[in-house]
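Only a predicted model underlies this, so the values are computations on that prediction, with no experimental measurement involved. Computation of the quantities below employed the complete heavy-atom set of this structure, encompassing side-chain atoms and omitting hydrogens, waters and symmetry-equivalent molecules. Proteins come first, then strands; the chains are lettered A, B, ... in the order of their sequence lines, and each starts at number 1.
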There are 2 protein chains.
Amino acid sequence: MRSRVQPDPPAFGRASRRGLADESADRIREAILAGEVPPGGPLREVELAAALGVSRGSVREGLWILEREGLVRSAWHRGTSVIDITPEDVREVYAVRAALDRLAAITARETATENHLAELDALVAAMAAEIAGTPAGARLVALDIAFHDAVYTAAANRRLTEAWRAVRSQVHLFQLRRVALGFAHYRARVVDEHRELAALLRSGDRDTVARTAEEHVNSAHRGLLADLP
Amino acid sequence: MRSRVQPDPPAFGRASRRGLADESADRIREAILAGEVPPGGPLREVELAAALGVSRGSVREGLWILEREGLVRSAWHRGTSVIDITPEDVREVYAVRAALDRLAAITARETATENHLAELDALVAAMAAEIAGTPAGARLVALDIAFHDAVYTAAANRRLTEAWRAVRSQVHLFQLRRVALGFAHYRARVVDEHRELAALLRSGDRDTVARTAEEHVNSAHRGLLADLP
DNA sequence: CATGACGCTAATGTTGACATTCGGACAATC
DNA sequence: GATTGTCCGAATGTCAACATTAGCGTCATG
């Protein structure tokens with residue numbers, strides 16, 4: 001190995017320079033999750049292009065990314081708009097998520113390294129800290145999502161991660177809505193449920209892990225449906 | 001209910017006019033599945049635009065569709081290319097597919113109408129007919145995929161169908177490869193396995209349907225891995 | 001001979017202009 | 001009065017030119 005002058009190696013798998021399309025997608029996603037565009041609201045290409053200071057083509061490509069994430073929907077010559085949150089949509093998303101989480105948990109149980117497991121513990125601790133202080137719903141939801149991101153990362157299946165990405169933002173949006181409607185129920189359960197999951201990934205038998213992962217999603221599902229009109 | 005004069009209502013959900021991007025995607029996908037572009041082979045935008053007689057922008061958008069299907073992969077300023085078929089890729093795709101098929105089967109068992117079930121029977125019959133004659137691998141695989149399309153349609157979950165679409169073309173490509181390598185094994189099992197699945201969707205208990213659907217995918221997985229280098 | 005810098009080329013990334021389509025307002029018709 | 005036909009504006013779909021980048025051969029250099 002060659003001696004180093006710099007204190008730390010890059011360690012990043014290529015700085016992954018991104019194009020304007022990715023940047024645009026990030027900014028628009030942010031705006032949607034911040035509630036600046038209501039569910040069902042239109043996303044006009046010219047408006048966005050002007051607001052972001054890029055060309056329509058780049059915005060267009062950014063919207064494709066968001067469509068792949070299921071956050072927006074577009075139709076021929078009728079433009080792009082944010083998805084709404086009907087009970088039917090919620091049912092669909094959580095059904096798929098349950099199946100994916102089940103596979104992710106089963107797989108991660110076998111493939112997770114000690115680093116991965118430590119990461120999960122750290123995230124649970126962060127949730128607990130958030131609740132102990134003056135809890136902000138949005139931050140708590142972000143940690144929740146991050147936890148599941150970590151599980152998918154540990155499972156190390158690119159196609160599975162890709163499938164998760166296709167529902168991830170929708171789950172994020174739904175959970176945000178859930179927190180906005182009734183915070184107490186969510187706050188009371190998050191930490192314990194995730195702690196249990198993390199523990200089972202360390203040392204649980206396959207069936208228990210599978211059932212718990214599914215039940216975790218169903219719990220979130222019920223919690224949201226109960227508060228929704 | 002109001003009396004009708006017309007024998008049947010239109011029932012068409014809009015003729016769904018498509019743009020050049022979709023057409024381009026279709027033609028390119030066709031070319032890939034026909035083997036005209038080898039796994040790992042490059043897909044140059046200018047070439048394709050010239051060949052299809054459309055602008056680069058449309059081709060670019062078409063390639064995005066194929067990327068969403070997982071059939072091609074692209075990187076910043078490094079272009080788009082067809083995926084290869086490594087054992088690792090096969091493992092990933094079939095693991096995800098097993099999870100999705102499991103959910104689709106469980107759901108379809110409850111939501112399928114008589115029409116859906118009849119469609120499944122018809123497809124099984126078509127497979128049997130194909131084998132009885134002079135069987136062509138490509139046609140048999142197409143029927144196989146169509147069968148599973150029908151199951152997903154019966155499950156009536158747009159997100160689930162979307163997730164299936166993200167692996168569908170890859171499965172198609174893999175099965176095509178499988179048939180090209182060793183036809184006998186596949187031919188011997190297809191009809192029976194699908195007939196069993198169709199029967200269970202009519203009248204099987206939940207657990208049996210789930211396990212059979214998973215096992216069906218695993219069987220295909222093993223069959224391919226055995227023949228692969 | 002190995003190594004690193006330099007520059008070229010072929011491809012993609014980005015842009016603004018032009019063509020097409022959708023949905024609604026309004027008027028004509030039965 | 002409801003339906004059908006026509007027009008209009010606004011938005012998206014499409015295109016071809018320009019800017020940027022990665023890969024690679026070449027060359028000087030230790």
TODO: Identify whether the distance between the nearest side-chain nitrogen and carboxylate oxygen of A/E69 and A/R165 falls below 4.0 Å.
DONE: no

- [ ] Could you tell me whether A/R177 and A/D227 make a salt bridge, using a distance below 4.0 angstrom between a side-chain N and a carboxylate O?
- [x] no

Open item on the list: Testing the basics here: between B/A198 and B/L120, what is the closest heavy-atom pair and its distance to 0.1 Å?
Closed with: CB-CB, 4.3 Å

Open item on the list: Quick one, B/V72 and B/I28 - any side-chain contact, counting heavy atoms below 4.5 Å?
Closed with: no

- [ ] May I ask you to decide whether A/R102 forms a salt bridge with B/E214, counting only side-chain N to carboxylate O separations under 4.0 Å?
- [x] yes

Task: Summary of protein contacts for nucleotides 8-15 of chain C, nucleotide by nucleotide, where a base hit scores B, a sugar-phosphate-only hit scores S (4.0 Å, heavy atoms) - done: ---SBBBB

- [ ] Compute the angle between the rotation axes at the two ends of the helix from C/dC1-D/dG30 to C/dC30-D/dG1, each taken over five pairs, rounded to 10 degrees.
- [x] 30°

Open item on the list: Just to verify, what does A/H221 make a ring-ring contact (aromatic ring centres under 6.0 Å, His included) with, not counting sequence neighbours?
Closed with: A/Y94

- [ ] Look at B/E30 together with B/R27 and state whether they make a salt bridge at an N to O cut-off of under 4.0 Å.
- [x] no

- [ ] Give the C-alpha distance, both sets of side-chain angles, the deciding distance and a yes or no for ring pair (Phe, Tyr, Trp, His ring centres under 6.0 Å) between A/H148 and A/H216.
- [x] CA-CA 11 Å; A/H148 292 284; A/H216 176 71; 5.1 Å; yes

Open item on the list: Rounding to an integer number of Å, can you tell me how far B/E23 CD sits from C/dT20 C1'?
Closed with: 16 Å

